[in-house]
Amino acid sequence: MGKVTINELWKKKAEGRKITMLTAYDYPFAKIVDEAGVDIILVGDSLAMVVQGLNNTLPVTMDEMIYHTKMVSRAAERAMVVGDMPFMSYQSSVEEAVRNGGRFLKEAGAEAVKMEGGREVVEKVEAMVKADIPVMAHIGLTPQAIHRMGGFKVQGRTEEAQKRLIEDAKMLQDAGAFSIVLEAIPMSLAKRITEELSIPTIGIGAGPHCDGQVLVIHDLLGLFERFIPKFVKRYANLKEEALGAIKSFIKEVEKGEFPKEEHSFL
Ligand code: KIV
């Protein structure tokens, strides 16, 4: 079984087959996601919020992203691994963008990187693609711009903002991005972008017409409860399961029921 490639993702779009992407940040979760058959594992900078317990994605560092991407790459036998470029790893210059993007492939075993932003990152996308670093773009709600956007807010509500997002998507495609994440935008806008682009769109809070869908694994499994965005669907409640198991352990140890002879060496 080979790795999912960019060509396969493009073929899926051409044939109208949906692409699946989930986040993972360590070996055991990446193993499960890969075994389940997801096409792409994103080592998202959402790591800052769901793993590191921070309020937003801004503080996570390049070295931390590399550390986590290495663990995920070791687990992913089929899924394409995409490393998320953290805040300030690409904003300051084209050289920084290429150098840090390259680290994900060279040091961490990723097959591609993801980068937030519209026309303002086009020059960087072009340079990275020229350096053979495949780039997944990300527009709409871009969490690294939380302070400019005034919070985690739906984007593309006005006609002007919609026009700008459509232009941004086309510019990123022309710059060589192989796919694009559309986050928290009206579904009609996501449909239009999906129809007008030849590269696949992957939606999160962008409705059902995108070529693929992505969720943060902790949201899907019920492991993150600080806030639950409207676009999240919980497919399990692992926190409850884990709580139950841990409480059983405590009870059994306290009552002297664990360990038994079968767990002990004679
Ligand atoms: O960091 C992340 O997990 C993301 C996805 C939500 C697309 O950017």
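Small disclaimer: the values here were computed from a predicted structure and weren't measured.
- Met71 and Phe104 are members of different hydrophobic clusters when ILVMFWY side chains are connected at heavy-atom separations under 4.5 Å.
- No more than 12 heavy atoms of other residues, nucleotides or ligands lie within 6.0 Å of CD in Glu159, so this atom counts as exposed by the packing criterion.
- By the side chain to side chain donor-acceptor pair (under 3.5 Å) test, Glu252 is found to be paired with no residue, residues two or more places apart in sequence or in another chain being considered.
- Ser179 and Ile202 make their closest contact through OG-CD1, 4.5 Å (heavy atoms, listed as atom of the first residue, atom of the second, distance).
- Other residues, nucleotides and ligands contribute at most 12 non-hydrogen atoms within 6.0 Å of the CD atom of Glu123.
- Other residues, nucleotides and ligands place no more than 12 heavy atoms under 6.0 Å from the CZ atom of Phe249.
- Annotation: the span from Ile139 atom CD1 to Leu165 atom CG amounts to 5.0 Å, rounded to 0.5 Å.
- Checking side-chain atoms of His68 against main-chain N and O of Tyr25 turns up a donor-acceptor pair under 3.5 Å.
- Put simply, CG on Asp45 and NE2 on His138 are 8.5 Å apart, with the number rounded to the nearest 0.5 Å.
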Would Ile133 and Val113 satisfy side-chain contact (heavy atoms from CB on, under 4.5 Å), going step by step from the backbone distance to the final call?
CA-CA 7 Å; Ile133 303 164; Val113 301; 3.9 Å; yes
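- By the rule that hydrophobic residues join a cluster once side-chain heavy atoms approach within less than 4.5 Å of another member, Leu22 and Tyr235 end up as members of one cluster.
- In this structure, Glu126 contributes its side chain and Ala175 its backbone to no donor-acceptor pair below 3.5 Å.
- In the hydrophobic clustering of this structure, Leu47 groups with Leu220; members are Ile, Leu, Val, Met, Phe, Trp, Tyr whose side-chain heavy atoms approach within less than 4.5 Å, directly or through other members.
- How far CE of Met115 is from CD of Gln91: 8.5 Å, rounded to the nearest 0.5 Å.
- For Glu160, the CD atom counts as loosely surrounded, since its 6.0 Å shell holds 12 or fewer non-hydrogen atoms of other residues, nucleotides or ligands.
- Looking only at side-chain heavy atoms (C-beta outward), Arg226 and Asn55 come within less than 4.5 Å of each other.
- Heavy atoms only, all atoms of each residue included: Ala108 and Ser73 are closest at O-OG, 2.6 Å.
- For the pair Arg78 and Glu35, the salt-bridge criterion is not met [side-chain N within less than 4.0 Å of a carboxylate O].
- Counting heavy atoms from C-beta on, the side chains of Glu64 and Pro86 never come closer than 4.5 Å.
- Heavy atoms of other residues, nucleotides or ligands lying less than 6.0 angstrom from CD of Glu241 number 12 at most.
- Comment: Arg99 does not engage Glu95 in a salt bridge, judged by the lack of any side-chain N to carboxylate O separation of less than 4.0 angstrom.
- Contact of the Pro200 side chain with the Leu197 side chain is not registered, since no non-hydrogen atoms from C-beta on lie closer than 4.5 Å.
- Considering all non-hydrogen atoms of both residues, Arg157 and Pro186 come closest at NH1-CG, 4.3 Å.
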May I have the step-by-step check of side-chain contact (heavy atoms from CB on, under 4.5 Å) for His218 and Val51, ending in yes or no?
CA-CA 9 Å; His218 288 62; Val51 175; 4.2 Å; yes
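- Tyr67 and Val43 are not part of a single hydrophobic cluster, where members link through side-chain heavy atoms under 4.5 Å apart.
- Phe87 places none of its side-chain heavy atoms less than 4.5 Å from the side chain of Glu116.
- Proximity of a side-chain donor or acceptor of Glu240 to a complementary backbone N or O of Leu238 within less than 3.5 Å is not detected.
- When side chains are defined from C-beta on, Val82 does not count as touching Ile41, because their heavy atoms never get closer than 4.5 Å.
- Atom CE of Met136 sits about 7.0 Å away from atom CG of Leu42, to the nearest 0.5 Å.
- With Asp219 contributing its side chain and Val232 its backbone, the two residues share no donor-acceptor pair below 3.5 Å.
- Remark: side-chain polar atoms of Gln144 are paired, donor with acceptor, to backbone N or O of Met85 under 3.5 angstrom.
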Glu167/Lys163 under salt bridge (Lys or Arg N to Asp or Glu O under 4.0 Å): CA gap, chis, key distance, verdict:
CA-CA 6 Å; Glu167 282 171 8; Lys163 186 170 165 276; 3.3 Å; yes
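- No single ILVMFWY cluster, assembled from side-chain heavy atoms under 4.5 Å apart, contains both Val214 and Val154.
- Looking at every heavy atom in both residues, Ala75 comes nearest to Ala30 through CB-CB, 3.6 Å.
- Using a 4.5 Å cut-off on side-chain heavy atoms (C-beta onward), Lys233 and Gln213 make no contact.
- With respect to the salt-bridge test (charged N to carboxylate O, under 4.0 angstrom), the residues Glu262 and Lys260 do not qualify.
- Sorted by first and then second residue, the salt bridge (charged side-chain N to carboxylate O under 4.0 Å, His left out) pairs with a member in residues 194-217 read Lys13-Asp211, Lys170-Glu196, Lys191-Glu195, Arg192-Glu196; sequence neighbours excluded.
- The two residues Ile6 and Pro134 have their closest heavy-atom pair at CD1-CB, 3.6 Å.
- Between Asp84 and Thr23, every side-chain heavy-atom pair lies at or beyond the 4.5 Å cut-off.
- A donor-acceptor contact shorter than 3.5 Å is absent between the side chain of Thr20 and the backbone of Val38.
- Here the CG atom belonging to Leu215 is positioned 12.0 Å from the CZ atom belonging to Arg234, to the nearest 0.5 angstrom.
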For side-chain contact (heavy atoms from CB on, under 4.5 Å), just list the numbers for Glu107 and Thr69, CA-CA rounded to whole Å, side-chain angles, deciding distance to a tenth of an Å, and then say yes or no.
CA-CA 9 Å; Glu107 294 174 39; Thr69 305; over 6 Å; no
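- Side-chain atoms of Gln173 come within 3.5 Å of backbone N or O of Ser198 as a donor-acceptor pair.
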Check the pair Leu9 / Met80 against side-chain contact (heavy atoms from CB on, under 4.5 Å), numbers first and verdict last.
CA-CA 10 Å; Leu9 300 176; Met80 171 188 289; 3.8 Å; yes
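- Nearest heavy atoms, Met149 versus Gly140: CE-O, 3.2 Å.
- Within 6.0 Å of NZ in Lys18 there are more than 12 heavy atoms belonging to other residues, nucleotides or ligands.
- No donor-acceptor distance shorter than 3.5 angstrom exists from the side chain of Glu96 to the backbone of Ser93, with no hydrogens or angles considered.
- Using a 4.0 Å cut-off between a side-chain N of Lys or Arg and a carboxylate O of Asp or Glu, Arg74 and Asp34 do not qualify as a salt bridge.
- Rounded to the nearest 0.5 angstrom, Arg103 CZ and Met62 CE are separated by 5.0 Å.
- A heavy-atom distance below 4.5 Å is found between the side chains of Lys3 and Val81.
- For Phe231, the CZ atom counts as densely surrounded, since its 6.0 Å shell holds more than 12 non-hydrogen atoms of other residues, nucleotides or ligands.
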